[in-house]
Structures are given as structure tokens and as C-alpha cells.
There are 2 protein chains.
Amino acid sequence: MRTGGVSQTVDPGGASAQIRDAAVVRFGRDGFGAGLRTIADDAGVTAGLIVHHFGSKEGLRKACDAHVLALLRAVKEEALTDTDTGSLLARIADIEEFAPLVRYLLRSVQAGGELAETTAEHMIGDAEAYLAAGEAAGVIRTSRAPAARTRLLAYQGLGSLLVWFTLHPDDGDDARFTASLREYVQTITFPAVELFCQGLFVDRSMLEEHLLHVPDPPADGADA
Amino acid sequence: MRTGGVSQTVDPGGASAQIRDAAVVRFGRDGFGAGLRTIADDAGVTAGLIVHHFGSKEGLRKACDAHVLALLRAVKEEALTDTDTGSLLARIADIEEFAPLVRYLLRSVQAGGELAETTAEHMIGDAEAYLAAGEAAGVIRTSRAPAARTRLLAYQGLGSLLVWFTLHPDDGDDARFTASLREYVQTITFPAVELFCQGLFVDRSMLEEHLLHVPDPPADGADA
DNA sequence: CTTCGCATTGAACGCCTGTTTAGCCTGCTC
DNA sequence: GAGCAGGCTAAACAGGCGTTCAATGCGAAG
């Protein structure tokens, strides 16, 4: 109904918004190799109009990037900070309306590029805030390399979600995508909690060995 | 010298092997969107010959998949089982000769498909063996959901490496790729050891809470 | 020496890509 | 009502894609 293209009576935001929305969906489904004509068909317009509005395909993608980023930022504001950023994303995608956004975001991380970096930094920031709050509340252990730990957790959370996403292809079916993410959370939550609570090794000998060999643990994990 | 294409005096394995090797390098560098003519140029042949030998582009990719998988399997046999499969991959890629193979593998995981699944299963198998050995030796804690824990660790290891790989593009420079992976290991090792030794939370209350809500933790993490 | 077979080539094909261009058609302004 | 502006379309363009095909050259077998 929304993507009909023929009967947009209210026309929310004009045709360019409609194109952008269709592009987010199509890019998320098929990746960024999707053709302009396909997107144009989805939006009920022509390929030329896309170029007319966005200059080029890259312009369209940047518009999508900005749109998705802004929308997810707004949504995240309302949600409480979650234990795991991957779980947070999955929970957001559970709201049917936002599934395409999350899918677009994952495709974007998969493909690399500016939004991928922004997303990673964003998740690192989230993790940092969560860890700091936990440390202050006394429920999270302090680390000898806090920044590196933050980065590790963010990469692990985003990365395992990405691997799951890559390995469980939905055929553009939002319901399947949502169900898959739900299954991901269900599969991963318990072992994650277990790992975070009791670690993996029975003693700290390995850690102390590392501390001997590298007296100065990496202070940060930032680069570029 | 090896990829010269003009002066293959010994011709190891024939031209089809040469094409395959060039394809592994080019696919690893540019992704699977790389054109047949580009690969043909790299190998010093024509696009038609590739199709003649491999039937189609997909046939070429499958040949690359099989080749890379066989080669990395052979290499891994020689190496001792490492703590982390990501570290193992990085260490293999450190041998200059194998960097293109690892890059191809990561591209493959990034793109999804059969080799991605095989790789994931492979890493899960490695992790399982490592964890079982550790449990038997009494250095690794037992889990209430061993299979799910194994899967989590494999996904985290592969996923964080993949995110790093995506976020740190080398321009097809093997040295940069190798250096990047080395930096990855260096960045991630300490916080990983710390996490595995002491966990993240100061007590087990969160775990016990989960055990109350879900009296039967997920026995396995397998699907499909 | 001839003949066969196979690796290999270069050109062509049809399709799809992003982009450009010319023109239409609507609605607003004077 | 005339004229202009701009959203929008259809067609064409140049280039890349994977694939096909006829023809070449070479090396081995008879």
C-alpha cells in the first residue's frame, strides 16, 4: 500500500522521500549492487528521476545512510541502554517497521564504507557508556585496558550478529529477517551471559602470564 | 614474478591453475564483483579461456572455494591449535604466501554462500575441539550450554575479525593486509584474555537470574 | 606428413549498468 | 489566457558484464 506508487494521495515528504525509502528496502534486501531501475520500479518512478533528485547512485546511497542513521539514532534514544548492542539492534528490528532499517545497517557494515565506520564508532560509544555505568555501579569489573576491552566487546557484538546475518539469508522477507534476529538473540544470550559472568578459564594464570610478557597492556584500541 | 603470465616456464599445474590463483587474488582484493576480463588480464589470458576451463564464473568461484579450503586445511594441520581461531587465521596470513588465501576466505564469509557456511562450521569444530581439550585438562570451565557456547565463541572470533577486516581496507596491498591483521591480534589479544580469565561481571547474579527464568538453557546452537 | 584434438584467441552477442538528453505535462504567476 | 518553471518520463548513450562462437595455432598420434 505504501509502496504502491500510483495512489500516493498524501505524498509524505514528496517523491524523493519515497525513492529513498524504497532504496533503503531494496539495498537492504539485495545489497548495494541493486540497480537503479529496480529501485525506481519499487518506488513507482523512473531511473532518471532518481538521478534528477539525488545526482547519482552514490548520492542516493548517502541519502539513505543519513536517513537510516538519523532514524535509528532517534529510536535508540527512546530505548533503554541494553546489555548488548547486538541485542539492541535485534530488539529494534523486532518492531516491524524498523526491520528494513536494521537490515540496511547490517548490509552497510557488511559492505564497509562511511556508515559502517560510523556505526562501529557508535556501538563503541554505547558500549563505553554501558561499561562505565556498570563499573560505577560496581557490577562490572574494571579492566587493565578499558578502551581495548570496549572495542573488543563492540566488535564481538557487531561481528557475531553480522556473521549470523550473513549465514542466515532471508529472501527479503521481513518476517523471516525478524524471526532470524530473534533466534539469534535467543541462541546467543545464555552463553554470552555465562561467559560474561564466569569467564572461560578456571584461573587467571593466562592473564598473569600475559601481564608478565607485556608489562604495559595496550592503553587504547583507537586508530585511523 | 609468479603472476607474470608471460614467462611461465615450468607451468605448475597448467594455465587453469594459474587462472584460479589469479582469481583468488583478485576476488580477495576486489570482492566477487570483479570482472572476468580483469582476472583474465591478471592471469595473462583471455576471458573466453576462463569460461572454457571453468564453465562459468560461478564454476571459477567454486574452484577457488575448493582450492582455498583445501590449502588452508592443509596449512592448519601443521599448525598447533590456537587459542582463538581468529588469531590462527591472522597468524596464517602472516606467512606472506597465504595472505591472499585468508583474504579470499574473509571476502567469502563477507559475501555469504557455501564457503562461508563451511568456514563457520569449520571454526565451530575447531573451537569445540579446543574447548573440549581445555575442559578435559581442567583449565576451561564447563558450560551449562556447551554447544551454544562453542558457537558463540566461533561467531565472536570470526565476526570481530570480519568487522576489523571490513573497517580497515587495504588497497589490495598484501603487506598492508598482513600488517592490519597483526595489529588486530595485538589489539584484541589482551582484552580477550582478560575477558576469558575474569569475565565481565563481578558476580554471577545475572547468570543465576537467567537460570531462574529459563530453567532449561539451550542445549545446542545448531540449525538448518 | 597428415590429421586430429585441444588450448587459446578475438570478436561478437545480448543484457544490464549508471547517466544524459529531449521533451511532455502540470501548475503557478503575471 | 500566455508563459515560464520544474517534476517527471521515455529513449538513447557509452560502457561493462558473462557468455558464445568461429577461427587460429600448436603438439601429439597415426
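In what follows, chains carry the letters A, B, and so on, assigned in the order in which the sequence lines appear, proteins first and then strands, with residues in each chain numbered from 1.
At the heavy-atom level, B:H52 lies under 4.0 Å from base atoms of the strands shown. Backbone-only engagement by A:A34 is indicated by non-hydrogen atom pairs under 4.0 Å involving sugar-phosphate atoms exclusively.
Here the P atom of nucleotide D:dT9 and the CD1 atom of A:I19 are 8 Å apart, to the nearest Å. With rounding to whole Å, A:F27 atom CZ is found 12 Å from C:dT17 atom P. When rounded to the nearest whole Å, the span between CD1 of B:I39 and P of D:dG18 equals 8 Å. Taking atom CZ of A:F32 as the reference point, atom P of C:dG18 lies 13 Å away to the nearest angstrom. Rounded to an integer number of Å, the gap from A:F54 CZ to C:dT19 C1' is 16 Å. Nucleotide D:dT19 holds its P atom 8 Å from the NZ atom of B:K57, rounded to whole Å. When the C1' atom of D:dC17 is taken as reference, atom CG of B:D30 falls 15 Å away, rounded to whole Å. The distance between atom CG of A:D41 and atom P of C:dC16, rounded to the nearest whole Å, is 12 Å.
No side-chain donor from either of A:T166 and B:Q110 sits under 3.5 Å from a side-chain acceptor of the other.
Between B:R29 and B:D170, none of the side-chain N atoms (NZ, or NE/NH1/NH2) sits under 4.0 Å from a carboxylate O, so this pair counts as no salt bridge.
Checked against a 6.0 Å centroid threshold, the rings of B:F98 and B:Y104 do not count as neighbours.
When all heavy atoms are compared, the tightest approach of A:H168 to A:S180 is CB-OG, 3.7 Å.
For D:dG18, its base sits under 3.5 Å from the side chain of B:R37 at one donor and acceptor pair at least.
Sequence order on DNA chain C of the closest nucleotides to A:L36 and B:T46 puts B:T46 first from the 5' end. Position along DNA chain D of the nearest nucleotide to A:L49 versus B:A47 favours A:L49 as the more 5'-ward residue.
The side chain of A:A15 sits closest to D:dC8 out of D:dC8, C:dT19, C:dA7. In the set C:dT8, C:dT20, D:dT19, the nucleotide with an atom closest to the side chain of B:H53 is C:dT8.
Rounding to the nearest 0.5 angstrom, the gap separating the CZ atom in B:F32 from the CG atom in B:L60 is 10.0 Å.
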